[in-house]
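To start, I am sharing the structure in question, which I have written as structure tokens.
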Amino acid sequence: MPKIAIFASGSGTNAENLIESYKHTSMIVTRVYCNNAKAGVIARAQRLNVPVTVFSKDELWNSSTILDSMRAEQVDFVVLAGFMMLLPQTMIDAYRNKIINIHPSLLPKYGGKGMFGIHVHEAVLANHETESGITIHLVNEEYDSGKPLFQTTCPVLENDTPELLAARVHSLEYQYYPKIVQEYVENF
Ligand code: GAR
């Protein structure tokens, strides 16, 4: 049974959806790793009985604590769900082609450093785009530039606010992320 570790930094609605979705499948989320002690994802994961490890940037980048813990728990794949930090080279190497991210835009548009969460939707609206969407992609050493696995679109509407657009994009994320990750893992 493939073991999934989720990395998240924020509210954690995608993390919750992934955990729930895999409950009765051949995959399991064994731990959530979080770099923000105040993040909503912590309570969400705990409520679903998934253990959480909170870590600092220094621990991730300047020690092998996190990678050691993943190896000890025999994590097979890593799924980023609103994780706002780059991963160190050692982790990319250890999990080459086994780390998946979701980004709330149609990459390569609106990706890169500083482009996360609501900032993405603000930029899409500022540029008067008529469509946005999601990109599910493999993770490499740089922000948002790994191989795309899946994209789908949604319209940007006349009177959209960043929050309204975020909600529309979030529903695409809930609909597709668990499914696309599962297909990828099962065919790996
Ligand atoms: C999601 O929309 C995700 O695509 C985005 O952050 C949000 C997290 O929401 N990720 C990025 O912007 C990564 N660059 P959540 O915490 O409710 O799942």
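For the numbers below, each heavy atom of this structure counts, side chains included, while hydrogens, waters and symmetry mates do not. Ligands are counted one by one from 1 in listed order, and the atoms in each one are counted from 1 as well. A quick note: this is a predicted structure, and the numbers were derived from the prediction, not measured.
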Who's the nearest protein heavy-atom neighbour of atom 16 (O) of ligand 1, and how far?
-> G12 N, 2.8 Å
Which atoms of ligand 1 sit under 4.0 Å from any heavy atom of M115?
-> 14 (N)
Does the ring centre of Y184 sit less than 6.0 Å away from the ring centre of F150?
->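 So the answer is no for these two rings.
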Within a distance under 4.0 Å of any heavy atom of H170, pick out the atoms of ligand 1 and give their elements.
->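 Under 4.0 Å from H170, ligand 1 has these atoms: 1 (C), 2 (O), 9 (O), 15 (P), 17 (O).
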Contact atoms of ligand 1, heavy-atom distance to E173 under 4.0 Å = 1 (C), 2 (O), 3 (C), 4 (O)
R96 with E141: basic N within carboxylate O range, under 4.0 Å = yes
Does a salt bridge link K3 with E73, judged by any charged N lying under 4.0 Å from a carboxylate O?
->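 So K3 does not pair with E73 through a salt bridge.
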D144 to ligand 1: N or O pair under 3.5 Å?
-> no
Going by an N to O cut-off under 4.0 Å, is there a salt bridge joining K113 and D144?
->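 No.
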Do S11 and R44 have side-chain N/O donor and acceptor atoms under 3.5 Å apart?
-> yes
N140 and S145: side chain donor to acceptor below 3.5 Å = yes
Quick check: does M84 get an N/O under 3.5 Å from an N/O on ligand 1?
->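 Looking only at distances, the answer is no, because the N/O contact criterion of under 3.5 Å is not met.
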Quick one: nearest non-hydrogen protein atom to atom 14 (N) of ligand 1, plus distance?
-> H103 ND1, 3.2 Å
Considering the heavy atoms of P104, write down every atom of ligand 1 situated less than 4.0 Å from one of them.
-> 2 (O), 4 (O), 5 (C), 10 (N), 11 (C), 12 (O)
In this structure, which one of I99, N97, N101 forms a side chain to side chain contact (heavy atoms under 4.5 Å, CB included) with L138?
->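 With L138 as partner, I99, N97, N101 yield a single side chain to side chain contact (heavy atoms under 4.5 Å, CB included), made by N97.
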Atom 12 (O) of ligand 1: nearest protein contact (heavy atom, Å) | G117 N, 2.9 Å
Do other residues, nucleotides or ligands put more than 12 heavy atoms under 6.0 Å from Q74 CD?
-> no
Ligand-residue contact atoms, ligand 1 with F116, heavy atoms, under 4.0 Å = 12 (O), 14 (N)
In terms of side-chain heavy atoms, does T152 have a donor or acceptor partner in Y176 at a distance below 3.5 Å?
->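 T152 vs Y176: no donor-acceptor pair found between side chains.
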Would one find an N or O of T13, backbone or side chain, under 3.5 Å from an N or O of ligand 1?
-> yes
Looking only at N/O atoms, are N101 and ligand 1 under 3.5 Å apart anywhere?
-> no
Which ligand 1 atoms does S11 reach within 4.0 Å, using its non-hydrogen atoms?
-> 16 (O), 17 (O)
Under 4.0 angstrom from ligand 1, any heavy atom of V120?
-> no
Contact check: G82 vs ligand 1, nitrogen or oxygen atoms, below 3.5 angstrom | no
Can you tell me if N187 and E183 form a side-chain donor-acceptor pair at under 3.5 Å?
->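 On atom types as modelled, these side chains do not qualify, holding no pair under 3.5 Å.
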